[in-house]
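To keep things clear, I will list the structure first and then write my remarks on it.
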Amino acid sequence: MQVDPNVTAARGSSPAAAPGPLLPGDALPGQLPERRLALTFDAFDAHHHTLWLRYAHTQVGGRAAAERVVDATCARLLEHWPHVLTQESVARYAWAVLKEEVAQWLEAHGREPALVGTAAFRAAIRKLLRPGARDRFAVLQGEIGLYAAIARLPERQYDAIVLRHVLRVPDETVAEYLGVELATVRSQVRHARRRLARELDLPETENETEEE
């Protein structure tokens, strides 16, 4: 996966983003009472935690390791939560932190992303290879070839494919995590599918459906 330096947050720093708008009378994030900040984070975490775990599992290959990665992500977010709240997209910022924690875990353990060995990926393969499928992915001959091609995608296209096709996340949620418009998500997926087709020497069709 090619890393986009404009997307991934460095430890101790933040992705470049303009402060989000505040309503008249709102307290600045740094002025919020500590308990209110904790409750705000708890609500945010409850909304996203399961998907974070699912994504981490596709990368590190085990539930316990995924939990450690997500715990580290939550600890970083909570430690700097007043600053996080000033970001234009909190979900995108959190996604960048999660991905950095995944990358650090993989580097520390000398591992590559474990996507190909996960149940979610195998389920996606079974669907993509189902008999009579209209999608051109149906001609793929195995997990390894598809994963290798996906791993070579640019970072945003990789994220869009993994979230949409492997984790079955709605386009609206993908847009929220990547911090882009809905149309951009669909464009990223379309370009990724075309790139995969070229790399795997598959014919492209003009009217190929984007739906599963």
Side-chain angles (χ1 to χ4, degrees), residues 1-4 6-9 14-18 20-21 39-61 63 66-67 69-74 76-78 81 84-103 113-115 118-128 135 137 146-147 150-151 153-196 208-212:
M1 175 180 61
Q2 301 171 11
V3 176
D4 181 351
N6 294 318
V7 175
T8 305
S14 62
L39 290 174
T40 302
F41 173 78
D42 287 346
F44 179 79
D45 176 45
H47 181 69
H48 296 283
H49 199 92
T50 298
L51 183 53
W52 291 345
L53 275 175
R54 292 177 61 212
Y55 174 79
H57 188 273
T58 69
Q59 303 299 297
V60 302
R63 174 76 183 192
E67 289 177 346
V69 166
V70 173
D71 286 347
T73 300
C74 290
R76 284 181 60 188
L77 292 172
L78 185 56
W81 191 239
V84 174
L85 290 176
T86 68
Q87 303 306 304
E88 183 176 16
S89 171
V90 176
R92 179 190 177 191
Y93 184 94
W95 178 250
V97 172
L98 171 63
K99 291 181 61 181
E100 184 182 280
E101 290 294 335
V102 166
L115 178 63
T118 63
F121 187 80
R122 289 193 296 270
I125 287 294
R126 286 194 297 270
K127 185 174 182 66
L128 292 171
D135 195 293
F137 281 111
L146 177 59
Y147 171 70
I150 291 175
L153 290 171
E155 184 176 10
R156 283 183 179 266
Q157 291 181 16
Y158 177 93
D159 287 348
I161 288 292
V162 171
L163 286 168
R164 190 175 189 264
H165 287 290
V166 177
L167 298 180
R168 314 298 298 166
V169 175
D171 286 352
E172 292 78 8
T173 303
V174 178
E176 179 185 16
Y177 275 37
L178 301 187
V180 298
E181 298 293 332
L182 187 60
T184 302
V185 170
R186 292 169 177 164
S187 176
Q188 293 284 359
V189 170
R190 183 167 58 253
H191 288 303
R193 290 159 68 97
R194 288 175 178 170
R195 178 170 177 152
L196 292 173
E208 180 181 345
T209 178
E210 293 290 344
E211 300 300 327
E212 293 297 335

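Since this is a predicted model, take the numbers as computed values, not measurements.
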Between Arg156 and Leu178 (side chain of the first, backbone of the second, donor and acceptor by atom type, cut-off under 3.5 Å), is there such a pair?
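Judged by distance alone, yes, a pair lies under 3.5 Å.
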
Test your reading of the model: is there a side-chain donor-acceptor pair from Thr173 to the backbone of Val169, 3.5 Å cut-off?
no

Write down the atom of Val90, the atom of Leu85, and the distance for their closest heavy-atom approach.
CG2-CA, 4.2 Å

Please name the pair of heavy atoms, one in Thr73 and one in Ala94, separated by the smallest distance, quoted to 0.1 Å.
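Thr73 and Ala94 have their closest heavy atoms at CG2-O, 4.3 Å.
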
Please test Arg193 against His165 for side-chain contact (heavy atoms from CB on, under 4.5 Å), starting from the C-alpha separation and ending with a verdict.
CA-CA 11 Å; Arg193 290 159 68 97; His165 287 290; 3.2 Å; yes

With Asp45 via side chain to side chain donor-acceptor pair (under 3.5 Å) - residues at least two apart
His49

Residues in ring pair (Phe, Tyr, Trp, His ring centres under 6.0 Å) with Phe44, at least two apart?
His48, Trp52, Trp81

Roughly how far apart are Thr184 OG1 and Gln188 CD, rounded to 0.5 Å?
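Rounded to the nearest 0.5 Å, the OG1-CD separation comes to 7.0 Å.
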
Rounded to the nearest 0.5 Å, how far apart are CG of Asp42 and SG of Cys74?
9.5 Å

Would you please name every residue forming a side chain to side chain contact (heavy atoms under 4.5 Å, CB included) with Ala66, sequence neighbours left out?
Leu53, Ala56, His57, Val60

Residue that, paired with Tyr177, satisfies ring-ring contact (aromatic ring centres under 6.0 Å, His included) out of Tyr93, Tyr55, Trp95
Trp95

Any salt bridge between Glu176 and Arg92, counting N to O under 4.0 Å?
no

